[in-house]
Amino acid sequence: MKTPSLVSLAIFCALAAPLVQAQPLADAPPAPSIASKIEEQGAMRYLKVSDLRAVRRDGLLRVQAEISNSSSSTQQLYYRFKWLDADGFTAWDEEPWKPQVIYGAQKQVISVVAPTFKATDFRLILQSPSNSGFDQPQQNSSPTY
């Protein structure tokens with residue numbers, strides 16, 4: 001029996017390469033952006049969600065959000081989660097607002113566990129009364145004429 005030479009093996013590989021194509025991986029859906037999971041009630045100037053992670057562990061959805069304060073002063077934040085099922089419907093009753101103080105130029109981590117096994121998705125709803133993002137006109141003590 002004759003063994004193939006390296007030259008004939010190289011020619012075979014060169015001719016067969018176009019026929020043997022790597023199968024593309026199934027297109028995975030793109031990871032959702034942080035913005036798609038956040039609902040801000042009013043524009044927020046100083047507070048923002050700088051990191052957001054979610055994982056299913058022991059059958060329950062666990063969420064961790066990092067909130068950053070870009071101001072040098074303390075900011076008050078109120079938040080709650082809306083838990084959604086696989087079809088996008090609400091999977092749990094509306095939660096009460098939870099207060100969170102975020103000190104100047106600091107970050108604060110919020111960690112929660114879904115209250116039901118039905119929750120497969122969520123929205124983090126945020127509001128900050130002193131951080132509306134709208135510039136207030138300055139009040140003059142005396143009118144200008």
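Start at 1 with the first residue, then count along the sequence.
- The two residues Pro99 and Tyr79 have their closest heavy-atom pair at O-CE2, 4.5 Å.
- Without hydrogens or angle criteria, Asp87 side chain to Phe89 main chain gives no donor-acceptor distance under 3.5 Å.
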For residues 50-57, please give each side-chain donor-acceptor pair under 3.5 Å, one per line with the distance, not counting sequence neighbours.
from, atom 1, to, atom 2, distance (Å)
Ser50, OG, Glu66, O, 3.2
Ser50, OG, Glu66, OE1, 2.9
Ser50, OG, Ser68, OG, 2.7
Asp51, OD2, Arg53, NE, 2.9
Asp51, OD2, Arg53, NH2, 3.4
Arg56, NH1, Gly59, O, 2.5
Arg56, NH2, Ala119, O, 2.6

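- Residues Val101 make up the rest of the hydrophobic cluster containing Tyr103, defined by ILVMFWY side-chain heavy atoms closer than 4.5 Å, directly or through other members.
- Formation of a donor-acceptor pair under 3.5 Å by the Asp58 side chain with backbone atoms of Leu60 is not found in this model.
- In this structure, Glu94 places its CD atom where only 12 or fewer heavy-atom neighbours from other residues, nucleotides or ligands lie under 6.0 Å away.
- Residue Leu47 is grouped with residue Phe81 when hydrophobic side chains (ILVMFWY) are merged at heavy-atom distances under 4.5 angstrom, including chains of intermediate members.
- Tested against Trp83 for a side chain to side chain contact (heavy atoms under 4.5 Å, CB included), the candidates Glu95, Lys118, Arg123 yield a single pass: Glu95.
- Both Ile34 and Leu77 are assigned to one and the same hydrophobic cluster, defined by single-linkage of ILVMFWY side chains at heavy-atom distances under 4.5 Å.
- Leu126 CG to Met44 CE: the interatomic distance, rounded to the nearest 0.5 Å, is 4.5 Å.
- Remark: Gln127 CD to Glu39 CD distance equals 12.0 Å, nearest 0.5 Å.
- Thr120 places a side-chain N or O within 3.5 Å of a backbone atom of Asp85 that can act as its donor or acceptor partner.
- Within 6.0 Å of the NZ atom in Lys107, the count of heavy atoms belonging to other residues, nucleotides or ligands does not exceed 12.
- In this structure, Asn69 contributes its side chain and Gln106 its backbone to no donor-acceptor pair below 3.5 Å.
- Cluster partners of Tyr78, by chain and number: Trp97, Ile125. The rule joins Ile, Leu, Val, Met, Phe, Trp and Tyr whenever side-chain heavy atoms lie under 4.5 Å apart.
- A side-chain donor-acceptor contact under 3.5 Å links Ser128 to the backbone of Gln76.
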Exercise for the section: Quick one: do Gln100 and Gln108 satisfy side chain to side chain contact (heavy atoms under 4.5 Å, CB included)? Show the steps, please. Expected result: CA-CA 9 Å; Gln100 184 76 46; Gln108 187 73 35; 3.1 Å; yes

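- Shortest non-hydrogen contact noted between Ser36 and Ser33 is OG-O, 2.7 Å.
- Separating the CD1 atom in Ile38 from the CD1 atom in Ile67 is a distance of 6.5 Å, to the nearest 0.5 Å.
- In this structure, Lys37 satisfies the cation-pi test against Phe122, with its NZ or CZ atom closer than 6.0 Å to the six-membered ring centre and inside 45 degrees of the ring normal.
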